[in-house]
Amino acid sequence: MRKKIVVGNWKMNKTVAEAGELASTVLEQLGNGITGCEVGISPAFPALAEVGKIIERSDIHLVAQNCHYEDDGAYTGEVSVRMLGSLGCSYVIIGHSERRQYFGETNQTVNLRVRKALAGGMRVIMCVGETLEEREGGVTDRIVTEQVREGLKEVSDLDGVVLAYEPVWAIGTGKTATPEQAEEVHASIRATIDDMFGETAAGHLRIQYGGSVKPSNAGELFAKPNIDGGLIGGASLKAEDFVAIVKAAGDS
Ligand code: PGA
């Protein structure tokens, strides 16, 4: 059985001190409550060290929001996999739709980052998802399949890979995909994975759902057989909500 995984993506929110406070509260509220579910939190780069210290002795993973695809060099403003590793990050989010939408990320650069992260021993959460226009145009399946195929091109081992299906129209909008809509795309992603990696590959791969997950809808989403947890934006900025979502994943 696949263990659920819930990750809080704090995006560009919280100063170092504020992030430290939120991490401490999450830790306190989770207590020994992490059962049946892997948990991660993803502060912005400046707060990684501080949050890393706070969660060091816990089971919570420190997750970065992006990484570059070169080892080092003249890439002003970028952060390498080795730097993230030295801060204690065990996962990195790659290809979030905000990176694709605002920062020119493409399936090709996502693929370079994914391969670099895996080669550096970092696990990845690779995000895919269609825009509203694409959903309404009936091309969701084609777009998501392409993102999965190109993002994972030349990746030989799925061991360190988690996927996150995040319909762009559901991110930060309060509009959640219905559990049925999400389940349908998750099932189709699994078919693509089996096609790429061999018949039983998808059985082991975790696929999170992301897009306006909150305590009130987490349970029904996580109850779907192909949904293995969530990537949580807005609701992860409130410790109680995030912890409630983690518990919903643990219970499902
Ligand atoms: P949201 O963001 O929960 O605020 O919709 C999810 C994400 O972007 O990962």
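Both ligands and their constituent atoms are indexed starting at 1 by order of listing.
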* Whether Glu184 side chain and Gln181 backbone form a donor-acceptor pair below 3.5 Å -> no

* **Any donor-acceptor N/O pair, Gln208 side chain to Ile5 backbone, under 3.5 Å** => yes

* Got the closest protein heavy atom to atom 3 (O) of ligand 1, with its distance? -> Gly233 N, 2.9 Å

Does [X] come within less than 4.0 angstrom of ligand 1, counting non-hydrogen atoms of the residue?
X	value
Ser212	yes
Lys214	no
Gly211	yes
Ser97	no

Which of the numbered atoms in ligand 1 are under 4.0 angstrom from any heavy atom belonging to [X]?
X	answer
Asn9	9 (O)
Ala170	5 (O)
His96	7 (C), 8 (O), 9 (O)
Glu166	6 (C), 7 (C), 8 (O), 9 (O)
Leu231	6 (C), 9 (O)
Gly234	1 (P), 3 (O), 4 (O)

* Pair Ser90-His61, side chain to side chain donor-acceptor pair (under 3.5 Å): steps then yes or no -> CA-CA 6 Å; Ser90 47; His61 294 286; 3.0 Å; yes

Going by distance alone, is a donor N or O of one side chain under 3.5 Å from an acceptor N or O of the other, for [X] and [Y]?
X	Y	answer
Ser42	Asn9	no
Asp141	Ser188	yes
Gln108	Tyr69	no

* Would you say ligand 1 has an N or O under 3.5 Å from any N or O of Thr173? -> no

* Asked: Any N or O on Gly172 sitting closer than 3.5 Å to an N or O of ligand 1?
  -> yes

* Steps toward side chain to side chain donor-acceptor pair (under 3.5 Å) verdict (Glu28, Thr25) -> CA-CA 5 Å; Glu28 201 179 286; Thr25 314; 5.8 Å; no

* Asked: Stepwise, does the side chain to side chain donor-acceptor pair (under 3.5 Å) test hold for Asn107 with Arg149?
  -> CA-CA 9 Å; Asn107 286 336; Arg149 281 193 180 279; over 6 Å; no

* Charged N-O contact under 4.0 Å between Arg113 and Glu105 -> yes

* Asked: How does Ile171 reach ligand 1, if at all, at less than 4.0 Å between non-hydrogen atoms: by side chain, backbone, both, or neither?
  -> both

* To do: With heavy atoms under 4.0 Å as the rule, classify the contact between Ala164 and ligand 1 as side chain, backbone, both or neither.
  => neither

* To do: Carefully, step by step, assess Val81 and Val92 under the rule side chain to side chain contact (heavy atoms under 4.5 Å, CB included).
  => CA-CA 9 Å; Val81 172; Val92 55; 5.9 Å; no

